[in-house]
Amino acid sequence: MRLPVATEVLLLTGGLGSGKTTVAIAVGELLGDAPHAVIDLDWLCWCTGAGVHEMLTANLRAVTANYAASGVRRLVLARALLEPAHLAAVRLAVPGAALTVVRLTVSERTARDRLRARDRGVTLDGHLAEVAEFERSVERTAAEDTVVHNDGRPVDEVAREVLAAWTGKH
């Protein structure tokens, strides 16, 4: 028996501090009562001792099937796509889904300010050291269908633009 899967998937990507999770939550709020799920993919593959891509695919596949069995066919996902294998892992988890990838961009200064407000200790130090390279990696991967600027704009405005890009594609 084939498990049900999501049919429409929005994947927000971007560098550190670009607002992926915050905008994903705001998009979810704009969807209101329409069946959907918002998932920060980092939490599905943040582990040691296992392959990140394999864990992402396996866990997202399981979570997607559980949501789909309950009637949820729209997913709003957040994850930095630093290499093509990251996108491939998502595609494997939701085969046949209409996938829209939106890359969020911010200035390096904004990213650093957001990281300072969010992180602490060793995590903050690591993220501050990686912010420019993360952004370059996301740009090189070029997995997006569209780019939305998320610097100095209200999150609801950004979320509406992202939602329009997603729903306008279908």
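In what follows, every heavy atom counts, from backbone to side chain, and hydrogens, waters and symmetry copies are set aside.
No hydrogens or angles considered: a donor-acceptor pair under 3.5 Å links the side chains of Arg140 and Ser137.
A distance-only check finds no donor-acceptor pair linking the side chain of His86 to the backbone of His53 [under 3.5 Å]. Under the 3.5 Å distance criterion, the side-chain polar atoms of Arg61 are matched with a main-chain donor or acceptor of Leu92. Under a 3.5 Å cut-off, the side chain of Asp151 and the backbone N or O of Ser107 do form a donor-acceptor pair. Checked by atom type and distance alone, the side chain of Thr141 pairs as donor or acceptor with a backbone atom of Leu82 at under 3.5 Å.
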Test Asn59 against Trp43 for side-chain contact (heavy atoms from CB on, under 4.5 Å), laying out the working first.
-> CA-CA 10 Å; Asn59 288 337; Trp43 291 103; over 6 Å; no
Kindly determine whether Val94 and Leu75 satisfy side-chain contact (heavy atoms from CB on, under 4.5 Å), including the steps that lead there.
-> CA-CA 10 Å; Val94 288; Leu75 299 178; 4.2 Å; yes
Take Arg136 and Glu139, measure what salt bridge (Lys or Arg N to Asp or Glu O under 4.0 Å) needs, and give me the verdict at the end.
-> CA-CA 5 Å; Arg136 284 191 296 271; Glu139 279 185 33; over 6 Å; no
Would you sort out whether Arg116 and Leu128 count as a side-chain contact (heavy atoms from CB on, under 4.5 Å), showing the intermediate values?
-> CA-CA 8 Å; Arg116 286 185 187 100; Leu128 290 174; 4.3 Å; yes
Should Met55 and Leu44 be marked as a side-chain contact (heavy atoms from CB on, under 4.5 Å) after you check the CA-CA gap, both sets of side-chain angles, and the distance that decides it?
-> CA-CA 7 Å; Met55 289 306 299; Leu44 296 183; over 6 Å; no
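The distance from atom CG of Leu115 to atom OG1 of Thr123, rounded to the nearest 0.5 Å, is 10.5 Å. Between the CG atom in Leu77 and the CG atom in Leu41 there is a gap of 4.5 Å [rounded to 0.5 Å]. Taken to the nearest 0.5 Å, the CZ atom of Arg103 stands 9.5 Å off from the OG1 atom of Thr146. Going from atom OG1 of Thr110 over to atom CG of Asn150 covers 9.0 Å, rounded to the nearest 0.5 Å. With rounding to the nearest 0.5 Å, the separation of CH2 in Trp166 from CZ in Arg74 is 4.5 Å. Considering OG1 of Thr100 and CD of Glu144, their distance stands at 12.5 Å, rounded to 0.5 Å.
Residues Val131 and Ala111 come closest through the heavy atom pair CG2-CB, 3.7 Å. Scanning both residues, Leu87 and Ala143, for their nearest heavy atoms gives CD2-CB, 3.7 Å. The shortest heavy-atom contact between Thr57 and Ala89 is OG1-O, 3.0 Å. Contact detail for His127 and Asp119: the closest heavy-atom pair is ND1-OD2, 2.6 Å. Residues Asp145 and Leu99 come closest through the heavy atom pair OD2-O, 3.8 Å.
Crowding of Arg153 atom CZ: a count of heavy atoms from other residues, nucleotides or ligands under 6.0 Å exceeding 12.
Hydrophobic cluster membership is shared by Val101 and Leu56, with clusters built from Ile, Leu, Val, Met, Phe, Trp and Tyr side chains linked at under 4.5 angstrom. Cluster annotation: Val106 is not connected to Phe134 through the hydrophobic network of ILVMFWY side chains, with a link wherever side-chain heavy atoms come within less than 4.5 Å.
Side chains of Thr64 and Val72 form no contact here, defined as non-hydrogen atoms less than 4.5 Å apart.
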N/O donor to acceptor pairs below 3.5 angstrom from side-chain atoms of residues 9-23, sequence neighbours left out:
| unit_1 | atom_1 | unit_2 | atom_2 | d |
| --- | --- | --- | --- | --- |
| Thr13 | OG1 | Arg79 | O | 3.1 |
| Thr13 | OG1 | Leu81 | N | 2.8 |
| Ser18 | OG | Gly15 | O | 2.8 |
| Lys20 | NZ | Gly14 | O | 3.3 |
| Lys20 | NZ | Gly15 | O | 2.8 |
| Thr21 | OG1 | Asp40 | OD2 | 2.6 |

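Applying the 4.5 Å side-chain rule to ILVMFWY residues, one finds that Val147 remains a lone member of its cluster.
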